[in-house]
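See structure below.
Scope of the values below: all heavy atoms of this structure, side chains included, with no hydrogens, waters or symmetry mates.
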Amino acid sequence: MAFIDEILQTPSYGWMDARGVFLKPTTSQLFKEAFSRINVFRTRKNWITLISWFMAACMFPLFVIFLIYFLTWKTAIVLVVYAMVIMSTHGTIWFHRYCTHKSYRFSHPLFRLITQNLVIKTFPEEIYVISHHVHHVKSDEPGDPYNPMGGFMYCMLSDVNHQSISKDLSREKISACTEFPQSYRGWPKYF
């Protein structure tokens, strides 16, 4: 098995069937997997996925209060601009271009700090970066954590179900993952 196939924790329903064809899970399988992956009583190693969902759950009541008491045309426009433009731009420049690909450098540490914290953070970089490297190698194939053939809920629950780093990796392989190579050629001994 290639290292790229070992990096992410395989969901209980698997990535593919016996013939190597993508296996599309049912919605109930996706939710069952999601709740098992945030269960810190089963294993403490689930803490990072639980924190991600917990932060979003804590913000939900505030969002409801905003919608009930403060929603006007002006605040609706600000909400749309924030959600669709600012958060998307942050995802591209911080998570994708900088954290995953190291495609640029900051001229000053203050600019890095500002860029990192442009938006309210509910999604840790650790969850995104490794799985995104896997996504680039296995795009639209079994094992792709964002495989669009899985449907809407497959992609919506991917942060919990498909992006977790395998809990069975050796220290050496975990170290290889944390190097965040600029290209996949950075892991030649495992591919």
Margin query: Give me the atom names and distance for the closest heavy-atom approach of Ser52 to Ile127.
Written below: CB-CD1, 4.4 Å
Notebook entry, point to check: Hey, does Tyr13 have a side-chain heavy atom less than 4.5 Å from the side chain of Asn161?
Noted result: yes
Notebook entry, point to check: If you draw the axis of the six-membered ring of Tyr98, does the NZ or CZ of Lys102 fall within 45° of it and under 6.0 Å from the ring centre?
Noted result: yes
Notebook entry, point to check: When clusters are formed by joining ILVMFWY residues with side-chain heavy atoms under 4.5 Å apart, either directly or through shared neighbours, do Leu71 and Phe60 land in the same one?
Noted result: yes
Notebook entry, point to check: Which pair of heavy atoms, one from Asp140 and one from Met149, lies closest together, and at what distance?
Noted result: O-CE, 3.2 Å
Notebook entry, point to check: Taking side chain as C-beta onward, heavy atoms only, is Phe54 less than 4.5 Å from Trp47?
Noted result: no
Next item on the list: May I ask you to test the Ile7-Phe3 pair for a side-chain heavy-atom distance under 4.5 Å?
Entry: yes
Next item on the list: Go through the steps to decide whether Lys121 and His90 satisfy the test side-chain contact (heavy atoms from CB on, under 4.5 Å), and finish with yes or no.
Entry: CA-CA 10 Å; Lys121 194 145 327 210; His90 178 265; 3.9 Å; yes
Margin query: Return the OG to CG distance between Ser166 and Asp5, rounded to the nearest 0.5 Å.
Written below: 11.5 Å
Next item on the list: Is it possible for you to say whether Phe66 and Ile86 belong to one hydrophobic cluster, with membership spreading through side-chain heavy-atom contacts below 4.5 Å?
Entry: no
Checklist line | same_hphob_cluster(Phe31, Phe152) at 4.5 Å side-chain heavy-atom cutoff | finding: yes
Item checked: In one Ile/Leu/Val/Met/Phe/Trp/Tyr side-chain cluster, 4.5 Å: Phe35, Met153 -> yes
Notebook entry, point to check: Is there a side-chain contact between Thr89 and Trp94 (heavy atoms, below 4.5 Å)?
Noted result: no
Margin query: Show, in sequence, the C-alpha distance, side-chain angles and deciding distance for Glu172 and Ser175, and conclude whether the side-chain contact (heavy atoms from CB on, under 4.5 Å) test is met.
Written below: CA-CA 5 Å; Glu172 179 188 53; Ser175 293; 5.7 Å; no
Checklist line | Side chain proximity check, Arg37 to Gln9, heavy atoms < 4.5 angstrom | finding: yes
Note to self: Restricting to non-hydrogen atoms, name the atom on Asn147 and the atom on Pro142 that form the minimum distance, rounded to 0.1 Å.
What the structure shows: ND2-N, 4.2 Å
Notebook entry, point to check: Is the distance between the ring centroids of Tyr128 and Phe95 under 6.0 Å?
Noted result: yes
Note to self: Quick check on Met59: does its CE atom have over 12 non-hydrogen neighbours (other residues, nucleotides or ligands) under 6.0 Å away?
What the structure shows: yes
Next item on the list: Please name the residue in the list His135, His133, His136 that meets the ring pair (Phe, Tyr, Trp, His ring centres under 6.0 Å) test with His96.
Entry: His136
Note to self: Assigning hydrophobic clusters by single linkage (Ile, Leu, Val, Met, Phe, Trp, Tyr; side-chain heavy-atom cutoff under 4.5 Å), is Tyr69 placed with Val64?
What the structure shows: yes
Note to self: Using a 6.0 Å cut-off, check whether atom CD1 of Ile120 has over 12 heavy atoms from anything other than its own residue.
What the structure shows: no
Margin query: Just so I know, are the side chains of Thr49 and Asp159 near enough to count as touching, which here means a heavy-atom distance under 4.5 Å?
Written below: no
Next item on the list: Please determine, by modelled atom types, if Thr75 and Thr72 share a side-chain donor-acceptor pair under 3.5 angstrom.
Entry: yes
Checklist line | Rounded distance (nearest 0.5 Å) linking atom CG of Asp17 with atom NZ of Lys24 | finding: 14.5 Å
Note to self: Tell me which one of Asn39, Ile38, Val40 satisfies side-chain contact (heavy atoms from CB on, under 4.5 Å) with Arg42.
What the structure shows: Asn39
Margin query: Rounded to the nearest 0.5 Å, what separates atom CZ in Phe41 from atom OG1 in Thr43?
Written below: 12.5 Å
Item checked: Heavy-atom closest contact (Ser36 atom, Asn46 atom, distance) -> O-ND2, 3.2 Å
Checklist line | Within-4.5 Å side-chain heavy-atom neighbours: Met16 and Glu141 | finding: no
Note to self: With rounding to the nearest 0.5 angstrom, report the OG to OH distance, Ser131 to Tyr146.
What the structure shows: 3.5 Å
Note to self: I need the Leu8 CG to Glu6 CD distance, nearest 0.5 Å.
What the structure shows: 11.0 Å
Note to self: Could you report the tightest heavy-atom contact between Cys155 and Pro148, atom names first, then the distance?
What the structure shows: SG-CA, 4.3 Å
Next item on the list: For Val160 and Ala34, work out which heavy atoms get closest and say how close.
Entry: CG1-O, 3.5 Å
Checklist line | Distance in Å, Ile165 CD1 paired with Ile48 CD1, rounded so as to fall on 0.5 Å steps | finding: 7.5 Å
Checklist line | Neighbour count >12 (heavy atoms, 6.0 Å) for atom CZ, Phe111 | finding: no
Check: Do other residues, nucleotides or ligands put more than 12 heavy atoms under 6.0 Å from the NZ atom of Lys167?
Finding: yes
Margin query: side-chain contact (heavy atoms from CB on, under 4.5 Å), that's the test. Do Gln163 and His132 meet it? Break it down for me.
Written below: CA-CA 8 Å; Gln163 294 180 355; His132 203 72; over 6 Å; no
Checklist line | Results of salt bridge (Lys or Arg N to Asp or Glu O under 4.0 Å) for Arg44 - residues two or more places apart only | finding: none
Next item on the list: Decide yes or no for Ile65 and Phe70: does some side-chain heavy atom of the first lie under 4.5 Å from some side-chain heavy atom of the second?
Entry: yes
Notebook entry, point to check: Is there a donor-acceptor contact under 3.5 Å from the side chain of His101 to the main chain of Ser103?
Noted result: no
Next item on the list: Please lay out, stage by stage, how Ile93 and Tyr104 fare under the test side-chain contact (heavy atoms from CB on, under 4.5 Å).
Entry: CA-CA 9 Å; Ile93 64 173; Tyr104 60 89; 4.0 Å; yes
Note to self: Quick check on Lys138: does its NZ atom have over 12 non-hydrogen neighbours (other residues, nucleotides or ligands) under 6.0 Å away?
What the structure shows: yes
